[in-house]
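Computed from a predicted structure; not experimentally measured. Both backbone and side-chain heavy atoms feed into the values below; hydrogens, waters and symmetry mates do not. Proteins get letters first, then strands, A, B, ... in listed order; numbering begins at 1 in each.
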4 protein chains.
Amino acid sequence: MDRKAPDAARRSERSRRAIFEAALSLVGEVGYQRLTVEGIAARAGVGKQTIYRWWPSKADVLLDAFTADADVEGYAAGLPDSGDLAADLKAVLRATVDEFRDPAFQAPYRALAAAGAADEQLSARFVERLLEPGMRAYVERLRAAQEAGEIAAWVDPRIAAEMVLSPFSQRWLMRTGELTYSFTDSLVDTALAGFRPRPS
Amino acid sequence: MDRKAPDAARRSERSRRAIFEAALSLVGEVGYQRLTVEGIAARAGVGKQTIYRWWPSKADVLLDAFTADADVEGYAAGLPDSGDLAADLKAVLRATVDEFRDPAFQAPYRALAAAGAADEQLSARFVERLLEPGMRAYVERLRAAQEAGEIAAWVDPRIAAEMVLSPFSQRWLMRTGELTYSFTDSLVDTALAGFRPRPS
Amino acid sequence: MDRKAPDAARRSERSRRAIFEAALSLVGEVGYQRLTVEGIAARAGVGKQTIYRWWPSKADVLLDAFTADADVEGYAAGLPDSGDLAADLKAVLRATVDEFRDPAFQAPYRALAAAGAADEQLSARFVERLLEPGMRAYVERLRAAQEAGEIAAWVDPRIAAEMVLSPFSQRWLMRTGELTYSFTDSLVDTALAGFRPRPS
Amino acid sequence: MDRKAPDAARRSERSRRAIFEAALSLVGEVGYQRLTVEGIAARAGVGKQTIYRWWPSKADVLLDAFTADADVEGYAAGLPDSGDLAADLKAVLRATVDEFRDPAFQAPYRALAAAGAADEQLSARFVERLLEPGMRAYVERLRAAQEAGEIAAWVDPRIAAEMVLSPFSQRWLMRTGELTYSFTDSLVDTALAGFRPRPS
DNA sequence: GCTTAAGCGAGACGGTACGTCCGGTCTTAGA
DNA sequence: TCTAAGACCGGACGTACCGTCTCGCTTAAGC
């Protein structure tokens, strides 16, 4: 029930891209707090109204900008399955450590996470588009391992996935600890040790 | 490094308390984004300068307000130790679930977490004063269990604590899942299953 | 030299008028010292920025407000010339006495005079737009009288005009004496007595 | 009916002088608008309350500071009387031109005049202490000249004095013209020409 | 000479207004 | 009709001073 739905067919692709680039570069330069719609419009060479016409807030611009860049990257293909669960998880997590250390990736992602933590509406979109697909890939890899007998039947793959991923996310988001390969390796080892099927 | 340090001995305790109460009630009513220094000052019956004299930002006001209220509450005493680790962890986590559902607690805490996620300076204080003491209590309870032989020697209590706590924190902060007793119970059971000493 | 010149073509005439009316009514109610840009904006139903966009200070708002009202009124037409110089000057000065006793006229005019006395930049505009046109009208009427032989050739009309007008202005501005018809009549009589061509 | 009259006997002469010096130097450096009580107190090394205890406003401080310096200077002795009225007036006015060109004199005097123009209460004190004594000296010199037969009996010395002095004051205060010796000489010549007793 | 009450330097306090920044809406001209 | 541009109303920012107040300290007067 918006005032009037703009005609998407007539939308300027050039402006859309310019807005994304401006938003991503600005969030890296000045941070999310000082990222402004006016600033984005000015750098993109675009009128403010062109932003407000298509997005309700700077957070939504950033979310689209970020996913437009990154949506191919994703976990669409799922996690690798070499048959060795521990090795696969460690490899993926080490890659993730690298990714989260890249400032160009970190700045907008952190901004979105922080904005999502504060805004329930936004967090729904953030989770759906960024967090959930990743988590699902882990859950499915764990389920596959379970079917292959690598993991005990009583283990809930969702809980297991969260036990591996959340300590990483938390350390990164709240800066409660360092993000090292040894940390992620330990996470995998400690978790999998408990999930192995028991003789008993 | 500051322009000039105000004289803390002359500080008005009345104003300090009024500011805390105003900040906590306002953040609950209007949320963090619309929480303003002006609004706090107005509700507290205080000049804006009295806030700016003692705190650099609304986030710092809120952090002090929250910890002034809560700093006795804390984990200073450590987690209970009944000898039954699983029962103790479940009880504490269930209490935490209740706490995080209380709007009066949740609003300022979430605001601080979100602000900390975006601001490195702030997150250092947030972690030190709120997150780390809680985490340490878990780590110590786990270490005690390890010494009592309930947990295998190879387990790193810090990693173990994060595997129990972070999934909870992450679900709450990012709203990636429900916070139920059954969730926290599952976390404890799944984690501890893997940590038990093995016969082998 | 300004940061960026606003586009005068897009200016809101409605806002401009509302600002003038607010400024003039407020200066009458609370005086110049307590006249504030915020107060003007509030009464005019206008954002503060709309004032700062077009005027550098409250004094400039008032100057424009006053002259917008009064610029037709003025001495554009010159002083009356009935052939009887003394009568003409007395009539005009008596009218001026009445005018300067009207609070609606006096409040903004006095405010501008006081602000101009303190601020060289402002006084240049104040003199050019308000004082000088009036003075010029007197100078020209005196010159006409000189050509008509009513005034001696050696008299400098500018000096003569100041000798008639300045005592009046000074009494009013500094409150050094009463503004009565008999005072202005005396001024005219005393001055003209000396300017008459002598038989000698 | 003040709250409580402070005990003038215990007043600190050192502070009083320091305040005067600070006020006069500051008004010269930053102008009257940006002259602040806090600034005066800081430069004088004095508490703000020490100023508010003895003066109701910065204008009153300045008025006292200025007259404390200048009250000997004054016209207490009256104008010189050499027997040649024109010469005496020209000499005094030329000296006054010099004085009003001295920045150390001009800054506080202009500030007081401007503040007095805006504030009726203050202008009463300003006129009484600074303007009126000067004017009275002129009136008396003119009366003496009248008694000596230099000026016609019908001339009102007060009007005559204002016709000589006010054009000067007005030019200076409102910056409506230059302050030159030739201007003041012309004023004297033009005025006195009219006041001479006539044969008729 | 000792007490005590005032003035004093200092500066925190509740306020008001400043001039700036930006949010989100609206208007205009151009493509 | 969408766009670039930007004026508009509104409201919060962080700062500067206002005039009041309270704190110890110094200091002169009166006991």
Is the backbone N or O of B:A117 less than 3.5 Å from a side-chain atom of A:R110, with the two atoms forming a donor-acceptor pair by type?
yes

In whole Å, what is the span from the CD atom of D:E13 to the P atom of F:dA28?
13 Å

Is B:R53 touching bases, backbone alone, or none of the nucleic acid, heavy atoms closer than 4.0 Å?
base

Picking from E:dA12, F:dG19, E:dG9, the nucleotide nearest the side-chain atoms of D:V37 would be F:dG19

Look at the side-chain N and O atoms of B:T36 and state whether any lies under 4.0 Å from the OP1 or OP2 oxygen of F:dA12.
no

Whole-Å distance separating the CD atom of A:Q33 from the P atom of F:dA12:
17 Å

Looking at CG of A:L63 and CZ of A:R125, how far apart are the two atoms once the value is rounded to the nearest 0.5 Å?
7.0 Å

Any N/O donor-acceptor pair, D:Q49 side-chain to E:dC8 base, under 3.5 Å:
no

From C-beta outward on D:T50, which listed nucleotide comes closest to its side chain: E:dC8, F:dC8, E:dG19?
E:dC8

Rounded to whole Å, the CZ-P distance (B:R34 to F:dG11) equals 13 Å

5'-most contact on DNA chain F: C:G45 or B:Y52, nearest heavy atom basis?
C:G45

Side chain of B:E38, heavy atoms from C-beta onward: which of F:dG19, E:dC13, F:dC13 has the nearest atom to it?
F:dC13

When B:F66 is tested against each of B:F105, B:Y32, B:F20 for ring-ring contact (aromatic ring centres under 6.0 Å, His included), which residue passes?
B:F105

Please report the distance, rounded to the nearest Å, between CD1 in A:I19 and C1' in F:dA4.
11 Å

What integer distance in Å separates A:I51:CD1 from E:dC22:C1'?
13 Å

Between the base of E:dG24 and the side chain of A:K48, is there any donor-acceptor pair under 3.5 Å?
yes

Separation of B:R16 atom CZ from E:dA12 atom P, in whole Å?
16 Å

Under 4.0 Å: is that the gap between some side-chain N or O of A:S15 and OP1 or OP2 of F:dA4?
yes

CZ of C:R53: more than 12 outside heavy atoms within 6.0 angstrom?
yes

Let's see if you can work this out: which of F:dC8, E:dC8, E:dA6 has an atom nearest to the side-chain heavy atoms of D:R10?
E:dA6

Among C:E38, C:E21, C:E29, which residue satisfies the salt bridge (charged side-chain N to carboxylate O under 4.0 Å, His left out) criterion with C:R43?
C:E29

Considering every strand and a 4.0 Å limit on heavy-atom distances, what is the contact class for A:W55: base, sugar-phosphate, or nothing?
nothing

Whole-Å distance separating the CZ atom of A:R14 from the C1' atom of E:dA31:
13 Å

